[in-house]
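By convention here, the first residue in the shown sequence is residue 1. Owing to the predicted nature of the structure, the values given are computational and were not obtained by experimental measurement.
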Amino acid sequence: MGTAVRNFLLWCILLVLSWPLALLVLVLYPLVWLLLLPFRLLGLAVDGVLDLLRGLLALPGRLLRGRPAT
């Protein structure tokens with residue numbers, strides 16, 4: 001089952017159990033998403049820098065290994 005479907009079903013259960021809390025979640029979810037967006041972008045940037053460093057450190061080994069003979 002997809003993440004969106006699971007989240008929707010959980011929200012429907014919350015709506016049945018406590019509709020004011022479900023409406024509060026519905027209103028606050030976009031605000032929380034916006035607050036967490038800079039951290040996601042920072043994570044992408046850090047992941048890119050670490051991939052670049054990993055590639056630079058592995059480059060001499062790949063150059064010395066050369067291509068396999070066919």
Atom pair [atom1]/[atom2] of [X] and [Y] - distance to nearest 0.5 Å:
X: Leu36; Y: Leu42; atom1: CG; atom2: CG; value: 12.5 Å
X: Asp51; Y: Leu56; atom1: CG; atom2: CG; value: 11.0 Å
X: Ile13; Y: Ser18; atom1: CD1; atom2: OG; value: 13.5 Å
X: Leu21; Y: Leu28; atom1: CG; atom2: CG; value: 9.5 Å
X: Arg54; Y: Asp47; atom1: CZ; atom2: CG; value: 7.5 Å

Any chain of hydrophobic side-chain contacts (each under 4.5 Å) joining [X] to [Y]?
X: Leu17; Y: Trp11; value: no
X: Tyr29; Y: Leu26; value: no
X: Val46; Y: Leu41; value: no
X: Phe8; Y: Leu10; value: no

Quick one, Trp33 and Arg40 - any side-chain contact, counting heavy atoms below 4.5 Å?
yes
Compare every heavy atom of Leu15 with every heavy atom of Ala22, then report the nearest pair and how far apart it is.
CB-CA, 3.6 Å
